[in-house]
Amino acid sequence: MEAFTSMAVIGLGNEFRRDDGVGPVVVGLLQDRAAQHRFAADTVFAQCDGDPGRLIELWDNTALAIVVDACFPPSAQPGRTHRWDAATGDAVRTAAGSHSTHGLGFPDALRLGAVLGRSPGRLIVYAVEGADHSMGVGITASVARAVPRLIRRIEADIEQHRAHSDGPQPGRPRAIGLAGRDAPPAGGQAETLP
């Protein structure tokens, strides 16, 4: 296995499905900020439709992968954002799961990446509750209001990671498992952003 060298911020979703496009929106804004030299050159910003193979390619051999996706739980509070950090435990669950617009996707990529030994060294997941995943462009106002706070939090994650770059050693990525798709995390650090 190659050494971990970079970070990836990956926006999952479909920008033509309203709030499902929050991941690509966040990554696009972060790319604009990167153009102003706010991030190191080895930070990769990418959009992905959730295909497990493409997702694994994007985070393979990264020291830190940050994934941003929309979720659509039954009692959604549009704009509410959940953060899971696998660094403090061995399991990650996502709210995106069965309430996502992706058929196969993020949970499948986690499982496959773990089996293939192609998981990121550290994984942080942000799931933003959405209101509308119908066809159309543009995220709703409730979700848009959460974006600036989310960008600041991701920037802080990147800065913290750079400051503590003694993270996972090459060849010894953390195990990442899924215990369920829509429940609160059983392991790792979880929080709901205000």
- Message: Using side chain to side chain contact (heavy atoms under 4.5 Å, CB included), reason through D60 and L116 one step at a time and then give a plain yes or no.
- Response: CA-CA 10 Å; D60 192 27; L116 297 175; over 6 Å; no

Does any part of the side chain of [Y], heavy atoms only, come nearer than 4.5 Å to the side chain of [X], both counted from C-beta?
X	Y	value
V27	Q31	yes
R162	T43	yes
I139	V147	yes
V143	V25	no

- Item | Intermediate values then yes/no, side chain to side chain contact (heavy atoms under 4.5 Å, CB included), E155 and L30 | CA-CA 9 Å; E155 288 175 335; L30 285 165; 4.1 Å; yes

- Taking the side chain from R17 and the backbone from H133, do they hold a donor-acceptor pair closer than 3.5 Å? yes

At what distance, to the nearest 0.5 angstrom, does [atom1] of [X] lie from [atom2] of [Y]?
X	Y	atom1	atom2	value
E129	T81	CD	OG1	8.0 Å
R153	I124	CZ	CD1	8.0 Å
D132	T140	CG	OG1	7.0 Å
M7	F45	CE	CZ	8.0 Å
I158	I154	CD1	CD1	7.0 Å
R122	L64	CZ	CG	6.0 Å

- Can you spot which of V125, V26, V22, D20 makes a side-chain contact (heavy atoms from CB on, under 4.5 Å) with D69? D20

- Message: Do L29 and Y126 land in one hydrophobic cluster if side-chain heavy atoms of ILVMFWY residues count as linked below 4.5 Å?
- Response: yes

- Same cluster (ILVMFWY, side-chain, under 4.5 Å), V44 and V9: no

Looking at [X] and [Y], what are the two nearest heavy atoms and their distance?
X	Y	result
A127	W84	CB-CZ3, 3.6 Å
G130	A76	O-CB, 3.6 Å
P24	G21	CD-O, 3.1 Å
P120	A65	CB-CB, 3.6 Å
R54	C48	CB-SG, 4.0 Å

- Would you please test R83 and D85 for side chain to side chain contact (heavy atoms under 4.5 Å, CB included) and show each step? CA-CA 7 Å; R83 178 183 185 274; D85 185 345; 3.8 Å; yes

